[in-house]
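Beneath this line is the structure, given in structure tokens, with notes to follow.
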Amino acid sequence: AARGRQTRCTEPRRSRRPRGARAGRVGSGLLKGGFACLAPGELAPAGTVAALARGVEALEAQGWPATFILAFDEAWALLEQAAALVREATGNEPNLDVLAWKVDPARGQGGFSPHRDRQPADVEGSFRGDRGSARYVTCWMALSDATPENSCLYCVPADADPGYFSGDREDVDPLTRALGGKKENYQLIRALPCEAGGAVVFTHRLIHWGSRNSGDGGGAPPPPRLSLAMAASDPGFEPPYFSPDLLPNPPLRLRVALA
């Protein structure tokens, strides 16, 4: 079955762009479509990403949720890089809404179903100015390869979503409304596969979800998808969970509380 268009978060492996150029590219993508992609190496070196992936696997093997990777300094080093880029691109500050996941197709797992991250009463007020930058964004970072087979992200771009700026109706599901009952509109869906170390930055209003592997292709199941995500917001829209003065290396008790 067709999976819609793909925007790969891959090349270049090592970006030579200064961070200002990357931030400009991210900001432009958020304004145009509600999302932007980063290639491997644009936030952290491959060794850091691989170490975090091994950490998530080790935690899960011992029965700990993936988000307990926040107990380790390596996670906060990556989050600091993501926060700096998002701050420059959007003006938002990290609000400490941080989660990690291991999605294992071999166990029948998939990502979240289609949703928006926030449904404010004043949707237009959740953007700056006249449909300017979003006051809440998420940076979703792949710690392993994220593919259509193991639950990469999918989305409906903002310019194809009538409820993105104006708000959703009570009588119809937002995704159903965006697709409009027309089969050709399914071609507007974007798959966002990422190699390990790649990332997707997206706003609170982007309809997005993770795929689920039905197992009907035969052969061995794909490897698990590992990821780490952080949110950043305008403090006037959504304040941080604890004082930013404790960043970039909060005490262990707060790291564990977040997990």
- Charged N to carboxylate O below 4.0 Å: is that the case for R177 and D171? no
Considering only distance and modelled atom types, tabulate donor-acceptor pairs under 3.5 Å from the side chains of residues 48-63, sequence neighbours left out.
unit_1, atom_1, unit_2, atom_2, d
E57, OE1, K102, NZ, 2.7
E60, OE2, A66, N, 3.2

- Indicate the atoms forming the closest heavy-atom contact of A199 with L43, along with that distance. CB-CD1, 3.9 Å
- Non-hydrogen side-chain atoms of V201 and T138 separated by less than 4.5 Å: no
- Message: Is any side-chain heavy atom of N213 closer than 4.5 Å to one of P222?
- Response: yes
- Between the side chain of N150 and the main-chain N/O of P223, is any donor-acceptor distance below 3.5 Å? yes
- To the nearest 0.5 Å, atom CG of L192 lies from atom SG of C152 at 7.0 Å
- Query: With no hydrogens and no angle check, is any side-chain donor or acceptor of S233 less than 3.5 Å from a backbone partner on N95?
  - Reply: no
Could you list the donor-acceptor pairs under 3.5 angstrom formed between side-chain atoms of residues 103-113 and any protein atom two or more places apart in sequence or on another chain?
unit_1, atom_1, unit_2, atom_2, d
D104, OD1, A106, N, 3.0
Q109, OE1, D104, N, 2.8

- Message: Please evaluate residues Q119 and D168 with respect to the criterion side-chain contact (heavy atoms from CB on, under 4.5 Å), reporting the C-alpha separation (whole Å), side-chain torsions for both, the decisive distance (0.1 Å), and the verdict.
- Response: CA-CA 9 Å; Q119 287 278 21; D168 297 314; 2.8 Å; yes
- Side chain proximity check, L78 to M141, heavy atoms < 4.5 angstrom: yes
- Message: side-chain contact (heavy atoms from CB on, under 4.5 Å) for E93 and L247? Distances and angles first, verdict last.
- Response: CA-CA 11 Å; E93 295 291 337; L247 296 174; over 6 Å; no
- Shared ILVMFWY cluster between L258 and I69, side chains joined below 4.5 angstrom? yes
- Determine yes or no for a side-chain-to-main-chain donor-acceptor pair under 3.5 angstrom, with S151 supplying the side chain and T147 the backbone. no
- Task: Return yes when atom CG of D122 has more than 12 non-hydrogen atoms of other residues, nucleotides or ligands closer than 6.0 Å, and no otherwise.
- Result: yes
- For side chain to side chain donor-acceptor pair (under 3.5 Å), just list the numbers for R135 and S126, CA-CA rounded to whole Å, side-chain angles, deciding distance to a tenth of an Å, and then say yes or no. CA-CA 6 Å; R135 299 173 67 191; S126 67; over 6 Å; no
- Under 4.5 Å between any side-chain heavy atoms of V200 and C194, yes or no? yes
- Is any side-chain heavy atom of L96 less than 4.5 Å from a side-chain heavy atom of F242? yes
- Partner residues of L179 under the side chain to side chain contact (heavy atoms under 4.5 Å, CB included) criterion, sequence neighbours left out: L175, N185, Y186, I189
- Message: Count I, L, V, M, F, W, Y as connected when their side-chain heavy atoms are under 4.5 Å apart, and connections chain through other members. Are L70 and L254 then in the same cluster?
- Response: yes
- Message: Test side-chain contact (heavy atoms from CB on, under 4.5 Å) on L85 and L38; report intermediate values, then the result.
- Response: CA-CA 11 Å; L85 180 64; L38 294 166; 3.4 Å; yes
- Message: Counting only heavy atoms from other residues, nucleotides and ligands, does the tally under 6.0 Å from CD of E124 exceed 12?
- Response: no
- Any donor-acceptor N/O pair, N92 side chain to R87 backbone, under 3.5 Å: no
- Item | Partners passing side-chain hydrogen bond (donor to acceptor under 3.5 Å, both in side chains) against R212 (at least two apart in sequence or in another chain) | none
- Close side-chain approach of L153 to W209, heavy-atom, < 4.5 Å: no
- R255 (side chain) donor-acceptor with P250 (main chain) under 3.5 angstrom: yes
- Item | Heavy-atom donor-acceptor pair, R128 side chain to T90 backbone, under 3.5 Å | yes
- Return the minimal non-hydrogen interatomic distance between F127 and G132, and the atom names on each side. CD2-O, 3.4 Å
- Results of side chain to side chain contact (heavy atoms under 4.5 Å, CB included) for S227 - residues two or more places apart only: W101, W140, R225
- Can you list the residues that meet the side-chain hydrogen bond (donor to acceptor under 3.5 Å, both in side chains) rule with R118, with sequence neighbours excluded? D97, Y136, E238
- Could you check if a side-chain atom of V98 sits within less than 4.5 angstrom of a side-chain atom of T67, using non-hydrogen atoms only? no
- Message: Hydrophobic clusters here meaning ILVMFWY residues chained together by side-chain heavy-atom distances under 4.5 Å, can you tell me if Y164 and L31 are in one?
- Response: no
- Task: Under the side-chain contact (heavy atoms from CB on, under 4.5 Å) rule, what do L228 and L79 come out as? Steps first, then yes or no, please.
- Result: CA-CA 9 Å; L228 176 66; L79 293 171; 4.1 Å; yes
- Message: Is there a path of hydrophobic side-chain contacts, each under 4.5 Å between heavy atoms, that joins F165 and V172?
- Response: no
- Give the C-alpha distance, both sets of side-chain angles, the deciding distance and a yes or no for salt bridge (Lys or Arg N to Asp or Glu O under 4.0 Å) between D117 and R205. CA-CA 7 Å; D117 280 348; R205 295 298 295 165; over 6 Å; no
- Task: Check whether the ring centres of F202 and H208 lie less than 6.0 Å apart, and answer yes or no.
- Result: yes
- H204 and V123, any side-chain heavy atoms less than 4.5 Å apart: no
